[in-house]
Amino acid sequence: MLPIRSPRLAILAVALSAACTAHAEAPAGSRSATDLDAVKVIAERSHTEAGALGDRALRDTPFAITAVGREQIEQRQVVSLGEAFLLDPSVTTQVSAYASGWSSPIRNRGIDLNFDSYRVNGLQVSSWGTEWPLEVMEQVDLLKGPGGFLYGFGAPGGIVNYITKKPTDVPTFSAQLGWREQGIVSGGIDVGGRFGNEQMFGYRFNAYQEKGETFNGGHVDRKVGALSLDARLSDALTWTFDGVFQSRDLREESPQYYFRGLTSLPRPIAGDVDNSVPGTYYDTRSSLLSTALNWQINSDWKASLSYGVTTSWNDVNKIFAYIDDTNGDYAVNVYELGGKSEWKLAQALVQGRFGTGPLQHQLVAGVSHQTGLGWDRPYEFSLIGRANLYQRHGIRHDAVGSRVMTRGDETVQQAVFVSDTVDLGRGWSVLAGWRYNDFETKGAYHTYPVTPTYAVMFKPSEAVTLYASYIESLEAGSRVGNSYINAGDVLDPTISKQYEIGAKVEANRWNANVAAFRLERGANIDQLTDAGKRLVQDGITLYEGVEASADLHLTDALTVGGGVTWLDPTYDKLSPGSAAQEGNRTVGAARWSGVLHATYQLPWVEGLETYAAVRYYGDVWYDADNTLKLPDYTLVNAGIGYRLLASGHPVTLRASVENLANRRYWSNAGVGLPRTFALSVRFDM
């Protein structure tokens with residue numbers, strides 16, 4: 001027999017071998033594929049760890065929260081955060097996981113999440129130039145809007161909180177192999193269980209690696225390891241530990257495309273064109289170590305004490321391509337940089353229930369202390385030539401800059417927070433919460449605001465929650481980039497405010513969410529002066545909109561769902577020097593977005609399931625002057641999964657395709673994702 005050299009054929013051979021073995025060796029009377037747990041599209045965890053609100057059922061929070069669980073991640077073979085939230089019409093991503101070295105940061109309700117808007121198990125982590133591995137996560141939540149009261153400072157677009165896989169009460173083992181275009185091969189294992197006297201100790205270990213050629217000619221090598229432990233020290237006291245490590249090396253990445261001085265766009269190229277640049281690289285390392293003691297004081301009260309350290313390191317040599325002509329000509333700029341960040345967080349939290357006369361209270365209170373340190377190496381940014389989008393560029397660039405790092409920013413954030421949800425009876429409740437933040441960037445600014453949240457909730461039945469809420473959030477001031485004459489300045493921190501009314505329904509065969517919101521955020525505006533362009537804070541950006549989504553189990557085999565978001569994002573209250581942009585739509589925010597999706601378990605083949613999703617992205621303005629518009633586009637994703645038994649063990653085969661029609665389009669970050677196929681086979685013990 002000839003050896004199999006193609007990664008695609010290798011994965012197919014494994015899948016076919018597993019299928020043949022299953023049909024040949026499954027003993028009579030054994031379980032059929034239909035006895036396996038069905039893959040669910042919308043059956044995610046019903047609870048979330050909502051920061052300063054403590055542990056809450058999703059439907060009992062007065063904020064819009066999207067939760068994506070393990071089932072969705074595996075069913076759609078998700079590899080990036082943007083793909084995870086594909087079915088939420090309010091969320092967009094601007095970069096493919098493999099298109100360039102940047103991570104795929106998301107934009108929610110028209111607002112970018114910044115690199116400090118991410119948490120793992122509630123701990124702040126940096127996502128600058130990378131993202132945390134979904135392969136080791138049980139769930140990822142997105143709190144929409146300002147999260148200042150719940151988590152401390154962050155961009156008002158929202159807070160993402162990853163929840164790592166935890167020890168299992170029964171032994172578990174799974175192994176998975178995968179292949180993704182152009183030739184990325186992956187493999188991983190997931191092991192968990194308990195041991196010791198009365199099953200005192202629990203463990204969960206995950207390891208994953210992907211390596212190969214990306215669809216645009218680059219090369220990726222990513223390694224992930226995660227370990228979660230717990231010890232039931234007594235009936236009331238539990239100790240936990242979580243560790244996550246990831247390294248990601250991307251070589252010969254394609255340029256990062258931008259537009260400069262254009263009022264119309266050049267024709268987009270195919271996303272799978274090999275435009276890799278020899279000599280470039282984008283290397284990142286991320287780690288998290290955390291530990292906690294959880295004390296169940298009694299049936300009504302519990303407390304926790306936690307401490308964690310997260311680090312992020314990067315070394316970058318990449319190309320920025322500034323397209324300045326509709327025929328595709330662009331300036332080639334090299335960008336070399338690197339750095340390291342470290343966050344340490346200690347927090348004590350207590351939550352419980354008590355009564356005062358006829359009123360019932362749900363109280364959460366806590367204190368936290370967080371420090372952040374940064375180190376930077378000198379960055380290099382220079383023009384090295386010109387090239388054309390439609391011709392092989394012939395560019396090469398090897399790094400020449402210094403690797404010596406110096407101490408950068410140091411931040412300290414201390415907080416005291418408390419919230420009380422008061423049950424007034426007859427389905428009515430009110431929530432009031434306050435967070436005192438003492439936030440200092442040493443050598444830059446020191447501020448100590450109180451960011452509140454207030455809400456009124458009404459539950460006409462257990463399955464329905466109606467709410468109105470108000471929340472404020474502190475957002476740290478950004479450092480001005482090198483394209484401005486005031487480069488290096490740190491802008492002042494700002495307070496964002498959001499008003500929201502909404503409804504959440506979780507019935508047996510359907511669920512729905514609707515929210516109307518108004519968010520006011522301080523605006524960063526380009527101000528033209530005789531000396532050049534300055535970045536200044538001026539006026540506000542105003543985001544008003546409505547979002548709605550629903551899922552319906554039409555039958556036991558067929559689930560359909562969809563959602564739509566309408567947004568009116570504008571610049572408002574600008575000074576006379578920036579008044580030309582007054583009323584313009586904000587950069588990168590679409591007026592309309594929508595999605596339709598369905599999952600169908602085919603009745604004529606046991607264990608066979610298909611899904612499809614159609615996602616519409618509305619047009620967006622590329623600049624605050626509203627002179628260059630990126631047109632709208634629609635993408636179609638689809639997939640199939642086959643669950644069977646091999647020697648009595650579950651085996652799952654999956655195949656999926658993104659951008660089924662191979663649509664060419666421009667996004668805010670340049671070239672859109674091409675049609676991309678993925679295959680995988682998973683074996684469970």
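As a basis for the values below, the full set of heavy atoms in this structure was taken, side chains included, without hydrogen atoms, waters or symmetry mates.
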### Trp295 atom CH2, over 12 foreign heavy atoms within 6.0 Å
no
### Query
Without hydrogens or angle criteria, can the side chains of Thr565 and Ser90 be said to hold a donor-acceptor pair below 3.5 Å?
yes
### Summary
Closest non-hydrogen atoms of Thr451 and Asn437, given as atom of the first, atom of the second and distance, are OG1-ND2, 3.5 Å
### Message
Between Leu237 and Asn294, is there a side-chain heavy-atom distance shorter than 4.5 Å?
### Response
no
### Task
Report yes or no: does Ser286 contribute a side-chain atom to a donor-acceptor pair with the main-chain N or O of Trp132 at less than 3.5 Å?
no
### Task
List the steps and the verdict of side-chain hydrogen bond (donor to acceptor under 3.5 Å, both in side chains) for Thr559 and Thr599.
CA-CA 5 Å; Thr559 299; Thr599 298; over 6 Å; no
### Task
For Phe241, look at atom CZ and say whether over 12 heavy atoms of other residues, nucleotides or ligands are found less than 6.0 Å away.
yes
### Whether Gln296 side chain and Asn298 backbone form a donor-acceptor pair below 3.5 Å
yes
#### Entry: N/O donor-acceptor pair under 3.5 Å between Thr441 side chain and Asp409 backbone
no
### Task
Specify the closest pair of heavy atoms between Asn584 and Ala624, including all atoms of both residues, with the distance to one decimal.
ND2-O, 2.9 Å
### Task
Search all heavy atoms of Phe517 against all heavy atoms of Val546 and return the closest pair with its distance.
CE2-N, 4.0 Å
### Message
Between Tyr454 and Trp434, is there a side-chain donor-acceptor contact under 3.5 Å, judged purely by atom types and distance?
### Response
yes
### Query
Got a salt bridge between Asp112 and Arg107, using NZ or NE/NH1/NH2 to carboxylate O under 4.0 Å?
yes
### Interatomic distance, Gln72 atom CD to Arg76 atom CZ [nearest 0.5 angstrom]
4.5 Å
### Query
Within the side chain of Asn513, is there an N or O that forms a donor-acceptor pair under 3.5 Å with the backbone of Ser549?
no
### Message
Nearest 0.5 angstrom please: Leu373 CG to Ser341 OG, how far?
### Response
9.5 Å
### Task
Report yes if some heavy atom in the side chain of Ser304 is under 4.5 Å from a heavy atom in the side chain of Leu293; otherwise report no.
no
### Task
Any chance you could measure Asp619, atom CG, to Trp621, atom CH2, to the nearest 0.5 Å?
8.0 Å
### Query
How about Lys442 and Glu440: do any of their side-chain heavy atoms sit closer than 4.5 Å?
yes
### Query
Do you know which two heavy atoms are closest between Ser593 and Gly618, and how far apart they sit?
OG-N, 4.2 Å
### Query
Would you say the side chain of Val560 lies within less than 4.5 Å of the side chain of Asp551, judging by non-hydrogen atoms?
no
### Query
Under 4.5 Å between any side-chain heavy atoms of Ile73 and Val68, yes or no?
yes
### Message
Salt bridge or not between Arg204 and Asp242? Use side-chain N to carboxylate O under 4.0 Å.
### Response
no
#### Entry: Donor + acceptor pair across side chains of Ser429, Thr421 (<3.5 Å)
no
### Query
Looking at CG of Leu542 and OG1 of Thr570, how far apart are the two atoms once the value is rounded to the nearest 0.5 Å?
4.5 Å
### Message
Is there a side-chain contact (heavy atoms from CB on, under 4.5 Å) between Tyr611 and Tyr600? Walk through the geometry before answering.
### Response
CA-CA 6 Å; Tyr611 79 87; Tyr600 184 47; over 6 Å; no
### Query
Can a salt bridge be assigned to the pair Arg518 and Glu520 using a cut-off of 4.0 Å between side-chain N and carboxylate O?
yes
#### Entry: Asp568 and Arg585 ion-paired at < 4.0 Å
no
### Query
Between Trp301 and Leu363, is any pair of side-chain heavy atoms under 4.5 Å apart?
yes
### Ionic contact status for Lys165 with Asp190, cut-off 4.0 Å
yes
### Message
Once rounded to the nearest 0.5 Å, what's the spacing between atom CD of Glu472 and atom CZ of Arg435?
### Response
13.5 Å
### OG on Ser368 to CZ on Phe417, rounded to 0.5 Å
5.5 Å
### Task
Applying side-chain hydrogen bond (donor to acceptor under 3.5 Å, both in side chains) between Thr465 and each of Arg59, Glu506, Lys459, report the one that passes.
Lys459
### Query
Looking only at heavy atoms, which two atoms of Asp141 and Ala67 are closest? And how far apart?
OD1-CB, 3.3 Å
### Message
Does Tyr470 form a side-chain contact (heavy atoms from CB on, under 4.5 Å) with Gln498? I'd like the steps, not just the answer.
### Response
CA-CA 6 Å; Tyr470 171 80; Gln498 178 177 277; over 6 Å; no
### Query
Going by atom types only, do Asp632 and Tyr616 share a side-chain donor-acceptor pair under 3.5 Å?
yes
### Query
Short question: side chain of Lys344, backbone of Gln370 - any donor-acceptor pair under 3.5 Å?
no
### Query
Should the pair Glu198-Arg232 be classified as a salt bridge under the 4.0 Å nitrogen-to-oxygen rule?
no
### Message
Tell me if a side-chain donor or acceptor on Arg615 pairs with a main-chain N or O of Leu86 at a distance below 3.5 Å.
### Response
yes
### Task
Assess whether side-chain hydrogen bond (donor to acceptor under 3.5 Å, both in side chains) is satisfied between Trp239 and Thr291, documenting all intermediate values.
CA-CA 7 Å; Trp239 168 81; Thr291 186; 2.8 Å; yes
### Message
Checking Tyr467 against Glu500: is there a side-chain donor and acceptor pair closer than 3.5 Å?
### Response
yes
### Message
Side chains of Lys166 and Thr240: any donor to acceptor distance under 3.5 Å?
### Response
no
### Task
State whether the side chain of Arg119 and the backbone N or O of Asn161 hold a donor-acceptor pair below 3.5 Å, judged by distance alone.
no
### Task
May I ask you to decide if Ser473's main-chain N or O and Lys497's side chain share a donor-acceptor pair within less than 3.5 Å?
no
### Query
Taking 4.0 angstrom as the limit, do Arg194 and Asp230 come out as a salt bridge?
yes
### Query
Does the pair Arg109/Glu547 count as a salt bridge with the N-to-O cut at 4.0 Å?
yes
#### Entry: Option from His446, Gln413, His369 for which side chain to side chain contact (heavy atoms under 4.5 Å, CB included) with Asp438 holds
His446
### Message
I want to check something: taking the side chain as every heavy atom from C-beta on, are Leu81 and Val140 in contact at a cut-off of under 4.5 Å?
### Response
yes
### Task
Please confirm whether the backbone N or O of Leu558 pairs with a side-chain atom of Thr555, one donor and one acceptor, at under 3.5 Å?
yes
### Message
Are the side chains of Thr356 and His361 in contact, using a 4.5 Å heavy-atom criterion?
### Response
yes
### Task
Might you point out which heavy atoms bring Phe458 and Arg426 nearest each other, and give the distance in Å?
CE1-O, 3.4 Å
### Query
When you look at Ile163 and Asn121, which way does the side-chain contact (heavy atoms from CB on, under 4.5 Å) test go after all the steps?
CA-CA 5 Å; Ile163 301 171; Asn121 297 334; 4.1 Å; yes
### Message
Assess the residue pair Glu582 and Tyr571 against the criterion (side-chain contact (heavy atoms from CB on, under 4.5 Å)); give the C-alpha distance rounded to whole Å, side-chain angles, the decisive distance to 0.1 Å, and a yes or no.
### Response
CA-CA 5 Å; Glu582 183 95 25; Tyr571 295 105; 6.0 Å; no
### Task
Using modelled atom types only, decide if a donor and an acceptor are shared between the side chain of Thr168 and the backbone of Gly193 within a distance under 3.5 Å.
yes
